[in-house]
Amino acid sequence: MDIMDEKKMVALSVEVGPWTGCVVLFLRSCPAVNLLSLYKDQQGKFSVFKVLKLTLTDSAGGLEGYEILKLHDADPLLGVEVKFVDVAACRRFLQSYGSGAVQQFLSQHTCRLLHVPQELALETQLKAGTHTLDFCLDDLELCLQHIHQSQPERLRDDEIAELDQQLQSQALGHIPQPPTLTQEEPPVPSNCFLFQKRVFEDRMLAAGDLQRFSNGVGRDWRKVGRALGKNCRALKGPAIDNLAYEYEREGLYEQAYQLLSRFIQAEGRAARLGRLVRALEDSKLTSLAENILDIQPRE
């Protein structure tokens, strides 16, 4: 059987009949918070589960089509075993993971619910059985095949079922918010972000943002690029130095313009305003963030 016939069989098995599959998302966070240690702590267990559930909701496009089976202690990694029962939800999750959106959602929800003062640095790995899906994300059908072949070996963990029930009850207002390490601020909607204690819509970056950034960032464009590169594969390694060399003659404006253009092109729908603002904050460029957000200076 050649490769094309194999892919046709994969596509047929994916689209026809009941579809299930299992994947494990391995997480390692540093330095602000250790998700594994926090999950082991009785006080932090529910908050970590809530972060993971909200991340799956955002990345899979809703509440249906999947369930968390178990959280694994793979020290220093936290393993999140997820069963998918809908191929469309699984496909959306893979697309979100490949674009970096899953990591971004994780960082956003962790910062909000666990009161981390800055964007969380995350290392992730996605596995289905013995297959590491990070190596074949360009071929979604192959990833879906590996996930479909990796059937769950266990029923849902009792502890996970209790945490999920607790989360549902909280959403319905039946129980109060469990205590956290500090007093939690009012929740920020998942489609928004917080800047200087104000809520802004986390929309996709637009041409106006690109122009304001390029006009205002000056020589600090590399610093912002390194901050964006924490969760953008296209800006890792020598990419920023290559941009500097390639557009040296065109000047700082063009170098900054090409940097953010490459970020938008690589990240697609995940290239959001909140990510740029956080990168500017990390680079100590709050005045430029205020300008992009059209915040008027105080008298």
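Below, all heavy atoms of this structure are taken into account, side chains as well, without hydrogens, waters or symmetry copies.
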For a side-chain contact (heavy atoms from CB on, under 4.5 Å) check, start with the C-alpha distance between Leu210 and Ser261, then their side-chain angles and the critical distance, and finish with the verdict. CA-CA 7 Å; Leu210 187 56; Ser261 295; 3.6 Å; yes
Once rounded to the nearest 0.5 Å, what's the spacing between atom [atom1] of [X] and atom [atom2] of [Y]?
| X | Y | atom1 | atom2 | value |
| --- | --- | --- | --- | --- |
| Gln108 | Phe105 | CD | CZ | 6.5 Å |
| Ile68 | Ile160 | CD1 | CD1 | 6.0 Å |
| Arg262 | Leu235 | CZ | CG | 7.5 Å |
| Ser47 | His109 | OG | NE2 | 13.5 Å |
| Lys70 | Lys83 | NZ | NZ | 16.0 Å |
| Cys22 | Lys127 | SG | NZ | 13.0 Å |

Distance-minimising heavy-atom pair for [X] and [Y]:
| X | Y | result |
| --- | --- | --- |
| Cys136 | Leu142 | CB-CD2, 4.1 Å |
| Ala266 | Ala234 | CB-CB, 3.4 Å |
| Val85 | Tyr66 | CG2-N, 4.1 Å |
| Leu94 | Cys143 | CD1-CB, 3.8 Å |
| Gln258 | Glu254 | NE2-OE2, 2.6 Å |
| Gln196 | Glu290 | NE2-OE2, 2.8 Å |

Cluster overlap [X] with [Y], hydrophobic side-chain contacts below 4.5 Å:
| X | Y | answer |
| --- | --- | --- |
| Leu140 | Val102 | yes |
| Val24 | Val51 | no |
| Val80 | Leu113 | yes |
| Leu25 | Leu77 | no |
| Leu285 | Tyr257 | yes |

Less than 4.0 Å between a side-chain N and a carboxylate O, is that true for [Y] and [X]?
| X | Y | answer |
| --- | --- | --- |
| Asp209 | Arg212 | no |
| Arg275 | Glu267 | yes |
| Arg222 | Asp241 | yes |

Flag side-chain contact, heavy atom, 4.5 Å: [X] against [Y]:
| X | Y | answer |
| --- | --- | --- |
| Asp73 | Leu78 | no |
| Trp19 | Asp86 | no |
| His146 | Gln149 | yes |
| Tyr247 | Leu259 | no |
| Ile147 | Leu133 | yes |
| Arg272 | Arg278 | no |
| Leu205 | Phe263 | yes |
| Ile295 | Phe200 | yes |

Ignoring hydrogens and geometry beyond distance, is a side-chain donor-acceptor pair present between Gln151 and Thr20 at under 3.5 Å? yes
Between Glu248 and Leu243, is the side-chain contact (heavy atoms from CB on, under 4.5 Å) condition met? List the steps. CA-CA 8 Å; Glu248 183 178 8; Leu243 279 173; over 6 Å; no
Give a yes or no on whether the backbone of [Y] and the side-chain of [X] come within a donor-acceptor separation of less than 3.5 Å.
| X | Y | value |
| --- | --- | --- |
| Asp41 | Gly44 | yes |
| Lys45 | Tyr39 | yes |
| Ser96 | Ser59 | yes |
| Asp157 | Leu69 | no |

More than 12 non-hydrogen atoms from neighbouring residues, nucleotides or ligands closer than 6.0 Å to [atom1] on [X], yes or no?
| X | atom1 | value |
| --- | --- | --- |
| Phe193 | CZ | yes |
| Asp158 | CG | no |
| Asn242 | CG | yes |

As a quick check of understanding, evaluate side-chain hydrogen bond (donor to acceptor under 3.5 Å, both in side chains) for Thr124 and Tyr97, giving each step before the final call. CA-CA 9 Å; Thr124 62; Tyr97 184 82; 3.1 Å; yes
Can Leu167 and Phe46 be said to form a side-chain contact (heavy atoms from CB on, under 4.5 Å), step by step? CA-CA 8 Å; Leu167 183 59; Phe46 177 78; 3.9 Å; yes
Result for side chain to side chain contact (heavy atoms under 4.5 Å, CB included) between Leu52 and one of Leu56, Leu54, Val48 points to Val48
Run Ile292 and Leu276 through side-chain contact (heavy atoms from CB on, under 4.5 Å) and show every step you take. CA-CA 10 Å; Ile292 292 174; Leu276 176 59; 4.0 Å; yes
For a salt bridge (charged side-chain N to carboxylate O under 4.0 Å, His left out) check, start with the C-alpha distance between Glu141 and Arg91, then their side-chain angles and the critical distance, and finish with the verdict. CA-CA 9 Å; Glu141 299 306 322; Arg91 191 187 303 274; 2.7 Å; yes
